[in-house]
Structure formats: structure tokens, C-alpha cells
Amino acid sequence: AQNWNPLGLENIHVRYITVDKSAQETLYVGSGETNLDGGVYRSFNQGNTWEPVGISILGKKNVLDIAIDKNGIIYVTFLDHRENRDKDQYDVYLSQSIDGGKTFSKNIKLNDYSIPNYWGGRNPGDYLDMLSVGDSKIFVSYPCNQPPLSTNGIPNDACISTLLKPLPFEAQAPRGP
């Protein structure tokens with residue numbers, strides 16, 4: 001491609017884009033950067049206009065991957081510092097939407113130990129394509145920290161979480177202003 005045209009998401013750090021296979025006009029974008037608001041945005045017109053969807057109201061998220069299964073359920077993996085606000089470490093979460101992104105389920109924390117990123121290096125969000133959704137299972141891969149815990153400030157292992165479908169769904173309450 002010799003010509004690229006911006007699609008209306010200005011000042012958004014796009015991490016992932018996916019097409020809804022059941023509605024080819026519908027695109028979903030995952031965004032986020034360490035100090036920027038991230039979330040999920042949706043376009044019903046091949047990217048000409050965008051709107052934030054449910055997970056975007058839940059605060060700063062570094063969305064890593066989005067997958068849509070054959071039933072139209074949207075799965076999102078993201079990084080969050082909610083349990084480590086004062087530390088350079090993060091946790092990996094999975095959430096789902098059964099209504100096209102209007103609401104998302106309560107987050108499922110996937111890692112057992114928070115994952116360090118003290119020395120920077122690769123941004124944890126550089127580990128893209130972490131999510132694969134099949135007919136009966138969901139697989140999420142991510143850098144992780146396993147005992148004995150890392151003391152050098154970087155993840156010491158790679159992990160894969162496997163979840164059985166369907167996941168329980170309890171919608172998150174929207175955050176107040």
C-alpha cells in the first residue's frame with residue numbers, strides 16, 4: 001500500500017484491531033499506553049467514525065488483544081495496575097461482552113503473581129496476539145512471574161491460561177465521574 005489514510009482515531013495508541021466476521025463493517029480497536037487512557041473503541045462504518053465501548057469507562061487499561069467468537073462474544077485481554085498503583089508491575093485480565101461492547105463482564109485476573117517491569121525494556125503490551133478463542137476454550141498467553149519470583153525486575157517465564165467456555169457473566173458497574 002502506497003497511501004495510508006487515518007481513520008479518525010486521533011491521539012489514540014492503537015494496540016490491536018479486529019473485524020467482526022459476522023458484520024464486516026464493524027471494527028474493534030484496543031488501545032492503551034502506560035500513562036494514557038486506553039480501552040476498546042468500535043466503528044460500524046469500516047473505521048470512518050469511532051465510539052468508546054463499555055470497557056473504556058472502567059479507567060486506564062492497556063488493551064492487548066481482542067477476539068470475537070462465532071457467537072459474537074467479544075473477549076478482551078488487558079494490563080492493569082489496580083493492585084500495584086505504586087509499583088512498576090502489572091496484572092493480566094480478561095473480560096467479555098455478550099452485547100456488542102455495551103457492557104463488559106467483571107474482570108478475571110489471570111496471573112497468580114504480579115508481573116514486574118522495573119527496568120522498562122519491552123513494554124508488556126508488546127506481547128500482542130495473546131488471545132485465542134475456540135469453540136469450547138479460551139487461551140491467553142502472557143509474560144509472567146513464577147516462583148522463585150524474579151528479583152531482576154523482569155518477567156521470568158511465559159504462561160498460558162486456559163478457560164472453559166462459556167464464562168460466567170456478571171456485568172461490571174460503571175465507574176462514577
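In this structure, L167 CG and K106 NZ are separated by 15.0 Å, a value rounded to the nearest 0.5 Å. Between the SG atom in C144 and the CD1 atom in I115 there is a gap of 6.5 Å [rounded to 0.5 Å]. In this structure, OH in Y93 is found 13.0 Å from OG in S105, a value given to the nearest 0.5 Å. The line from CG of L27 to CZ of R42 is 11.5 Å long, rounded to the nearest 0.5 Å. To the nearest 0.5 angstrom, I138 atom CD1 is 11.0 Å from T77 atom OG1. Between the CZ atom of F104 and the CD1 atom of I98 there is a distance of 11.0 Å, given to the nearest 0.5 Å.
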Apply side-chain contact (heavy atoms from CB on, under 4.5 Å) to residues L110 and L163 and explain how you reach the verdict. CA-CA 10 Å; L110 300 176; L163 299 97; 4.0 Å; yes
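Summarising the geometry of Y142 relative to S161, their closest heavy-atom pair is OH-OG, 3.0 Å, with the distance given to 0.1 Å. Taking each heavy atom of L131 and V76 in turn, the nearest pair found is CD2-N, 4.2 Å. When all heavy atoms of S31 and Y41 are compared, the closest pair comes out as OG-CE1, 3.3 Å. Between S43 and N48 the shortest heavy-atom distance is OG-N, 3.8 Å. Considering all non-hydrogen atoms of both residues, S22 and D20 come closest at OG-OD1, 2.7 Å. Here the closest non-hydrogen pair linking Q96 and F169 is O-CE1, 3.4 Å.
By the criterion of side-chain heavy atoms lying less than 4.5 angstrom apart, applied directly or through intervening Ile, Leu, Val, Met, Phe, Trp or Tyr residues, I108 is not grouped with I160; the two fall into different hydrophobic clusters. With hydrophobic clusters built from ILVMFWY side chains whose heavy atoms lie under 4.5 angstrom apart, F139 does not share a cluster with V133.
A donor-acceptor pair is defined here as one N or O able to donate and one able to accept, closer than 3.5 Å; such a pair exists between the side chain of D69 and the backbone of N71. Between the side chain of S97 and the backbone N or O of T103 there is at least one donor-acceptor pair closer than 3.5 Å.
With a 4.5 Å cut-off on side-chain heavy atoms, C159 and Y113 do not count as touching. Residues V92 and L79 are in side-chain contact: their nearest non-hydrogen atoms beyond the backbone lie under 4.5 Å apart. Residues F78 and N107 meet the side-chain proximity criterion, which asks for heavy atoms closer than 4.5 Å.
The 12-atom threshold is exceeded at NZ of K109, counting heavy atoms of other residues, nucleotides or ligands nearer than 6.0 Å. Heavy atoms from other residues, nucleotides or ligands lying under 6.0 Å from CZ of F44 number more than 12.
Ion pairing between a basic and an acidic side chain is recognised when a charged N comes within 4.0 Å of a carboxylate O; D135 and K70 show such pairing.
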